[in-house]
Every structure is written in C-alpha cells, then in structure tokens.
Number of protein chains: 2
Amino acid sequence: MTTPPGLRERKKQATREALREAALRLAVERGPDQVRVEDIAEAAGVSPRTYNNYFASREQAIVSAVTADREARIAAAVTARPAGVRLTDAVTQAVVEQYTNTGEREQQALLLITTRTALRDAFLDTTADIEPPLTAVIAERLGDTGAQTARVLAASVAAAVRIALEGWLRAAGNAEAAEGFGAGGLVVPSGSLPDQLRAAMAPLAPAFDAAERSTQP
Amino acid sequence: MTTPPGLRERKKQATREALREAALRLAVERGPDQVRVEDIAEAAGVSPRTYNNYFASREQAIVSAVTADREARIAAAVTARPAGVRLTDAVTQAVVEQYTNTGEREQQALLLITTRTALRDAFLDTTADIEPPLTAVIAERLGDTGAQTARVLAASVAAAVRIALEGWLRAAGNAEAAEGFGAGGLVVPSGSLPDQLRAAMAPLAPAFDAAERSTQP
DNA sequence: ACGTAAACTTGCGTGTACGCATTTTTCCTG
DNA sequence: CAGGAAAAATGCGTACACGCAAGTTTACGT
C-alpha cells in the first residue's frame with residue numbers, strides 16, 4: 001500500500017523537523033517574542049522563503065513541535081479499539097489518550113505556549129487538523145451511507161476538543177480564578193485536561209449512538 | 001437595556017459599512033485581485049492603518065458585505081420560535097432561514113466569492129461567528145446547568161453549517177461534477193443550500209434532544 | 001460649560017506572507 | 001546510465017499585519 005518513502009519525502013520531513021526543533025529551542029532560549037522567522041530559518045539551515053513553504057506563520061512552527069503528528073495518532077488510536085466498544089467511547093478514549101500522554105519536552109513547550117496569546121491561538125487552531133483523519137475512521141465504522149454524518153461528527157469532535165482546551169488553558173493561565181467563586185463549580189468543570197475533554201465529548205454521545213444504531217439495527 | 005448608541009458607535013458602524021461597501025464595489029468593478037487595501041481605504045475615506053483596525057485581512061471586508069450581521073439574525077431567529085418546538089428544529093430552521101433569505105446584491109457577491117479560493121475560505125471562516133450568539137440562546141433554553149453543553153452544541157452547529165457550505169460551494173464551483181457519476185447520489189446530498197444545511201444538521205438532532213430532555217424530564 | 005479620561009484614528013517602522021521566475025535536487029523511463 | 005520531467009529551494013519584489021506613539025474626537029462628571 002505504501003511504497004517506502006523516497007529520499008525526496010525524507011528530506012522534506014527532515015527539514016520540517018529541523019524547523020520545528022529550531023523554533024522551539026530558540027523560543028525557549030530567548031523567549032517567544034525574541035525569535036524571528038529569519039532566525040529559525042537560519043538555525044535550520046534553510047532560507048526564510050523556504051520556512052514559509054512549511055509554516056504559514058511564525059507561531060505554527062513552535063506549536064507544531066508539540067502537536068507533531070497528533071492527528072494520525074488519534075486516528076490510529078480509534079481504530080486500535082476493539083470493534084465491540086461504542087464509537088463514542090472509542091473516540092473519547094483516543095482523544096484523551098493522545099492529549100494527555102505527553103512527554104517531558106512537550107510539557108515544557110505547553111507551558112511556554114500558555115504564556116502568549118498568539119501561541120495559544122495557534123495551538124487551538126491545530127485541533128482542526130484532527131478532523132480529516134477522524135472523518136475517515138468514523139466513516140469506516142458507519143459504512144458508506146454515513147459519509148456526511150461522519151464529517152459532521154468529526155467536525156463536532158474537533159470543536160468539542162477545542163472547547164475543552166480553551167477551558168483548560170483558561171484555568172491554567174489564571175490560577176487565581178479557581179477560588180474566585182464559591183459554589184458556581186457546578187457550571188464549569190474547570191478540572192484536569194482529561195476531565196475537560198470527557199465533559200466536552202459527553203453531549204455528543206447521543207449523536208454518535210444514533211448514527212451507529214442506524215447502520216447496525 | 002440598551003442605551004441609544006452614541007455618536008461614537010454610529011460613526012464606527014458607518015466606517016465599517018463604508019469599508020464593506022467600497023470593498024465589494026471595487027471587487028466587482030475590477031475583479032477581486034485588482035483591489036488593494038490601500039484602494040479600499042481610500043474609497044472609504046480612511047487610512048490603510050484604520051482599515052486594519054476593522055478587518056484583519058483584505059478578504060474579510062469583501063466577505064463581510066455578504067455576511068453582515070448574520071450571527072445576530074440567527075440568534076434572534078432562534079428565540080423567535082415558539083417555546084414548544086424542539087430546540088433542534090428551532091436552530092435548524094433559523095439557520096436555513098438566515099442563509100437562504102438573501103437579497104439581490106448578496107447573490108451577486110456570493111457569485112464573486114465562489115470564484116476565488118481566498119474569498120471562499122474567508123467566507124467559510126465566518127461560520128465560526130455564529131457560535132457565541134448561538135451559545136447564548138441555547139444556554140438560555142437549557143438552563144444554567146447546561147452551559148458547557150450549550151457551548152459544545154453551538155460549536156457543532158457552526159461546524160455543521162461550515163460543512164454544508166463547503167459542499168454547496170463545491171457543487172456551485174464545478175457544475176460539471178453533477179453529471180460525473182451515475183447513482184452515487186445516495187452518498188453526498190449535493191443539493192440546494194437548504195437541503196445541505198438540513199442534512200448537515202440532522203446528525204446532531206439526537207444530541208440536542210438528549211440535552212433538552214435532561215433539563216425538562 | 002469646561003476639562004479630563006477614554007476611545008478612535010493615523011503615521012511610521014518592522015516583520016511576515018506570498019507570487020513569480022530561476023536554480024538546484026530528486027525521480028523515473030527508455 | 002543518461003537525460004528530461006517533476007518537485008523543491010531560493011532570491012526578489014510587493015503587499016499586508018500590527019505594535020507603538022503621537023494626535024484627534026467623543027463621552028461624562030463636576
């Protein structure tokens with residue numbers, strides 16, 4: 001199915017990885033605001049023009065060092081679940097798993113991201129990337145008649161994940177708001193990231209169940 | 001509740017409207033690619049710097065001439081439905097209504113938008129704008145305990161609308177694909193805009209019903 | 001009515017985004 | 001193993017995005 005990637009593709013990925021690496025390292029070293037595209041390009045050994053062939057903005061390179069190939073991993077995690085589990089659970093578990101199994105280095109980068117609005121926005125934008133692969137795996141479970149449904153559900157998941165991350169970033173950003181109110185805690189979860197993700201996914205469960213039911217009566 | 005808007009606010013809206021108008025007119029006159037921000041600003045009687053205080057990109061001004069205050073109209077249309085109807089139906093009807101009740105001028109602008117990828121993207125991006133007002137009206141119907149659910153549902157609606165518009169734009173863009181296949185029509189609706197919107201909203205109905213049910217047993 | 005604070009506009013400077021044309025590298029086929 | 005096609009990198013030029021520091025207008029309290 002997949003021919004071993006040629007030198008062309010490997011070099012491309014190497015360049016992308018070098019840009020990621022350079023962007024994150026420089027951002028950590030001197031602070032996110034003291035890094036220009038020109039610096040990143042130079043550190044990665046390419047021209048600034050080439051940088052923009054890989055990343056559309058300065059922030060994307062930094063953020064992509066954290067997100068890497070999260071989309072593919074989420075899709076793989078969904079298909080890895082046994083066929084018996086509810087689709088809703090499979091997707092939720094896969095999302096939680098891939099957003100929390102984070103390494104040392106990624107944790108540090110996340111902390112950096114929370115400090116700048118532009119970086120937070122770029123990070124939140126990456127949630128949209130999970131939509132295409134999710135659409136594919138959901139469509140596979142729903143059969144060909146549910147293609148449109150799969151697209152809508154995948155997009156809804158991406159939206160739910162974004163909302164969860166927003167809430168989590170907000171809580172992480174200003175930790176003083178945690179004690180601001182007294183008993184309003186019922187409204188907003190504001191808990192850990194896995195909790196936020198599960199809470200955001202929950203409202204979509206009935207839609208998943210209905211879609212799954214309509215294919216296997 | 002609302003104090004009559006002062007001179008300040010009225011002038012602001014006038015400037016915004018002038019920029020919209022100028023952007024659309026110039027785009028129609030000379031073609032979308034032959035219009036620079038400087039031209040739009042000049043035609044509207046402001047500096048280019050001021051233009052960017054209102055619109056973040058060149059395309060936004062053109063697109064906003066079509067979308068205007070669609071977000072507010074959709075939210076109002078939802079609350080205008082009698083309290084008896086299902087929330088899902090209220091939202092769907094409101095969305096369909098506001099995206100199809102289009103005037104002469106807007107129709108022409110839409111045609112223009114379909115001709116350029118950058119404009120189509122900017123147009124699709126505007127679907128995200130309906131999310132905050134939709135969140136508010138849905139939250140009102142669900143009560144205070146469903147705040148998070150309201151956010152997820154509103155975001156899902158925005159995503160569904162975006163998918164519907166993508167499908168419609170694709171169909172409108174290359175009309176030759178309509179006869180490309182024979183009986184594959186079961187998979188992709190590819191019909192009129194109202195049909196696309198209703199089809200995209202349908203998978204979310206169970207989620208809306210469940211949310212509504214959990215508040216009024 | 002006046003003065004002050006807040007909001008808006010503007011000019012300027014820097015950094016980024018991207019189209020186009022050219023050069024370099026990789027790939028494939030005879 | 002050539003040699004040409006395809007893809008990528010690069011240089012260059014232009015236009016856009018935006019922070020900052022004025023200057024200008026509106027709003028509001030005394």
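Chain letters run A, B, ... following the sequence lines, proteins first and then strands; every chain starts at 1.
- Contact check, Lys12(B) against dA7(C): no side-chain N or O comes under 4.0 Å of OP1 or OP2.
- Atom-to-atom, CD of Glu42(B) to P of dT10(C) comes out at 13 Å; the value is rounded to the nearest Å.
- Looking only at side-chain heavy atoms (C-beta outward), Leu24(A) and Arg20(A) stay at 4.5 Å or farther from each other.
- In this structure, Gln196(A) and Gln148(B) have side chains that are in contact, with non-hydrogen atoms separated by less than 4.5 Å.
- Rounded to a whole Å, the CZ atom of Arg10(B) is 14 Å from the C1' atom of dT25(D).
- Taking only side-chain nitrogens and oxygens, Ser47(A) never comes nearer than 4.0 Å to OP1 or OP2 of dA9(D).
- Atoms CG (Asp121(A)) and P (dC18(D)) sit 11 Å apart, rounded to a whole Å.
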Using nucleotides 15-19 of chain C, report all nitrogen or oxygen pairs with the protein that are shorter than 3.5 Å.
unit_1  : atom_1 : unit_2   : atom_2 : d
dT16(C) : OP1    : Val37(A) : N      : 3.0
dA17(C) : OP1    : Ala56(A) : O      : 2.3
dA17(C) : OP1    : Ser57(A) : N      : 3.2
dA17(C) : OP2    : Asn52(A) : OD1    : 3.0
dA17(C) : O5'    : Ala56(A) : O      : 3.2
dG19(C) : N7     : Arg49(A) : NH2    : 3.0
dG19(C) : O6     : Arg49(A) : NE     : 2.6

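- Considering only side-chain N and O atoms, Lys11(B) lies under 4.0 angstrom from the phosphate OP1 or OP2 of dT26(D).
- In this structure Asn53(B) satisfies the side chain to side chain donor-acceptor pair (under 3.5 Å) test together with Arg49(B), sequence neighbours excluded.
- What you find for Ala94(B) and Ile74(B) is that their closest heavy atoms are CB-O, 3.9 Å.
- Distance CD (Gln13(B)) to P (dT26(D)): 16 Å, rounded to an integer number of Å.
- By the side chain to side chain donor-acceptor pair (under 3.5 Å) test, Asp69(B) pairs with Arg73(B), sequence neighbours left out.
- Distance, Asn53(B) CG to dC18(D) P: 10 Å, rounded to whole Å.
- For Ala155(B), the side-chain contact (heavy atoms from CB on, under 4.5 Å) test picks out Ala159(A), Arg162(A), Ile163(A), Glu131(B), with sequence neighbours left out.
- Residues in residues 95-112 of chain A take part in these salt bridge (charged side-chain N to carboxylate O under 4.0 Å, His left out) pairs, two or more places apart or across chains: Glu21(A)-Arg105(A), Arg81(A)-Glu97(A).
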Quick test: give all pairs of protein nitrogen or oxygen and nucleotides 27-29 of chain D nitrogen or oxygen below 3.5 Å, distance rounded to 0.1 Å.
unit_1  : atom_1 : unit_2  : atom_2 : d
dA27(D) : OP1    : Leu7(B) : N      : 2.7
dA27(D) : OP1    : Arg8(B) : N      : 2.7

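- Per the geometry, OH belonging to Tyr54(B) stands 14 Å off P belonging to dA7(C), to the nearest Å.
- Inter-residue side-chain proximity for Asp129(B) and Arg70(B) is flagged as unmet; no heavy-atom pair is nearer than 4.5 Å.
- Using modelled atom types, one side-chain atom of Tyr51(B) and one backbone atom of Arg58(B) make a donor-acceptor pair closer than 3.5 Å.
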